[in-house]
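What you see below is based on every heavy atom in this structure, not just the backbone, and it leaves out hydrogens, waters and symmetry mates. When a residue number appears, it is its place in the shown sequence, counting from 1.
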Amino acid sequence: MQSIEQTLAIIKPSGMQYREEILQKLFKAHFKIIDTKICKLSAGQVCELFKIDWSNDCYAKLAEEMTSGPIQAMCLAKPNAIKSFLALFGLEKGGERKIWPCNVKSCFGSIENDISNGLHGSESSDCARWEIQFFFPDIIVTPILTSVDDQRNYLHSYVYPKLFDGLYEIAKKRPHEPIIELAHWLSNNNNPNKPAILKSDD
């Protein structure tokens, strides 16, 4: 079974008029919307988001397009989400560009103009991680484990050893509020790079 991948999709100001059609198409393509927000970007935020030098010739056009109105940012998830989103809307570089409803690019002005195509999708896993964190800093961008074996291996490697140590310490002390004490113990001992908190009698 394939792991679930996450990608960042943006409906640009020029694409917001097709918002409902785009969302419906994502639903039919089995994308899950992990989180979404409608906002308006400043020129500085556009520069930071796309890591573009202010002196770059294309920056002015991109900034004008991205700041001309509200956008909708979405964190999407499904197997091969990055390539699937780009293919669904014909956003691949050099890819075949068809006519709607197979592709929305032709609805947003010039087909040859990649700046005014109405949509943006992350082009790689590194881009997706940066772009998702830009809009949704609380989302942890890692492949979601769907295989039972992968989930079991993860728990055995990263969760059970530390949890068992905490349970052992709680069993020795038998505090009145064991769950709260376990939570405090895990918080103080879960990060190997965090200095241990010693009591005065230790």
Side-chain angles (χ1 to χ4, degrees), residues 1-11 22-23 26-42 44-51 70-88 120-202:
M1 185 179 294
Q2 292 178 302
S3 62
I4 305 298
E5 186 178 57
Q6 297 176 60
T7 190
L8 192 281
I10 297 175
I11 304 177
I22 292 169
L23 295 177
L26 290 172
F27 175 76
K28 289 182 178 179
H30 305 294
F31 279 93
K32 303 296 183 185
I33 299 179
I34 304 300
D35 204 349
T36 184
K37 66 170 60 173
I38 295 177
C39 57
K40 196 171 188 302
L41 298 178
S42 67
Q45 288 173 321
V46 174
C47 181
E48 181 182 1
L49 173 61
F50 294 107
K51 299 181 180 180
I71 66 165
Q72 180 164 355
M74 297 175 284
C75 177
L76 305 177
K78 69 174 291 187
N80 296 316
I82 295 173
K83 290 185 177 179
S84 295
F85 179 83
L86 298 177
L88 182 65
H120 166 79
S122 302
E123 296 181 351
S124 68
S125 57
D126 288 339
C127 288
R129 185 175 297 105
W130 162 252
E131 294 172 358
I132 291 172
Q133 290 292 298
F134 183 90
F135 288 102
F136 310 105
D138 293 334
I139 292 180
I140 299 175
V141 187
T142 56
I144 299 172
L145 302 177
T146 56
S147 164
V148 173
D149 288 336
D150 288 343
Q151 294 170 356
R152 185 180 295 113
N153 290 336
Y154 176 83
L155 292 174
H156 279 287
S157 298
Y158 299 103
V159 178
Y160 292 159
K162 186 61 66 175
L163 181 59
F164 289 154
D165 288 344
L167 291 172
Y168 177 73
E169 292 298 323
I170 298 303
K172 288 195 302 182
K173 297 178 179 179
R174 297 189 180 184
H176 181 65
E177 297 286 351
I179 301 300
I180 294 176
E181 286 293 324
L182 177 61
H184 286 314
W185 189 93
L186 290 172
S187 177
N188 291 329
N189 294 274
N190 191 42
N191 185 351
N193 299 316
K194 182 178 180 180
I197 299 176
L198 299 178
K199 295 183 179 180
S200 58
D201 57 348
D202 288 341

Would the number of heavy atoms belonging to other residues, nucleotides or ligands and lying under 6.0 Å from NZ of K40 be above 12?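 For K40, atom NZ is crowded (more than 12 foreign heavy atoms under 6.0 Å).
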Is it true that atom CZ of F134 has more than 12 heavy atoms of other residues, nucleotides or ligands lying nearer than 6.0 Å?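 Yes, CZ of F134 has more than 12 neighbouring heavy atoms, counting only those of other groups under 6.0 Å.
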Tell me if a side-chain donor or acceptor on [X] pairs with a main-chain N or O of [Y] at a distance below 3.5 Å.
| X | Y | result |
| --- | --- | --- |
| S84 | N80 | yes |
| K162 | N189 | yes |
| K37 | I71 | no |
| E5 | I82 | yes |
| S122 | L8 | yes |
| Q45 | S42 | yes |
| T36 | A73 | yes |

Sequence neighbours excluded, which residues qualify as side chain to side chain contact (heavy atoms under 4.5 Å, CB included) partners of [X]?
| X | answer |
| --- | --- |
| D165 | W185 |
| Y160 | L155, H156, F164 |
| D126 | S124, R129 |
| L23 | R19, L26, I33, Q72, M74 |

Walk me through whether E48 and W130 qualify under side-chain contact (heavy atoms from CB on, under 4.5 Å). CA-CA 10 Å; E48 181 182 1; W130 162 252; 4.1 Å; yes
Point-to-point distance, once rounded to the nearest 0.5 Å, from CZ of F31 to SG of C75: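 Taking CZ in F31 and SG in C75, the distance rounds to 11.5 Å.
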Interatomic spacing from CD in E131 to CD in E123 - rounded to 0.5 Å: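 That separation rounds to 8.0 Å.
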For the residue pair [X] and [Y], establish whether any side-chain heavy-atom pair is separated by less than 4.5 Å.
| X | Y | answer |
| --- | --- | --- |
| K32 | F27 | no |
| F85 | K78 | no |
| D35 | F135 | no |

Closest approach of [X] to [Y] (non-hydrogen atoms, all atoms of both residues):
| X | Y | result |
| --- | --- | --- |
| A29 | L88 | CB-CD2, 3.9 Å |
| L182 | G166 | CD1-C, 3.7 Å |
| P178 | P175 | CD-O, 3.6 Å |

Run the numbers on I10 and L49 for side-chain contact (heavy atoms from CB on, under 4.5 Å), then give the verdict. CA-CA 12 Å; I10 297 175; L49 173 61; 4.0 Å; yes
Check salt bridge (Lys or Arg N to Asp or Glu O under 4.0 Å) between K28 and all other residues, then give those that pass, not counting sequence neighbours.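 Expected list: none.
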Applying the side-chain contact (heavy atoms from CB on, under 4.5 Å) criterion to T7, which one of I132, L76, L86 satisfies it?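 Option passing the side-chain contact (heavy atoms from CB on, under 4.5 Å) with T7: L76.
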Which residue pairs satisfy the salt bridge (Lys or Arg N to Asp or Glu O under 4.0 Å) criterion with at least one member in residues 174-188, sequence neighbours excluded?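 Qualifying pairs, neighbours excluded: none.
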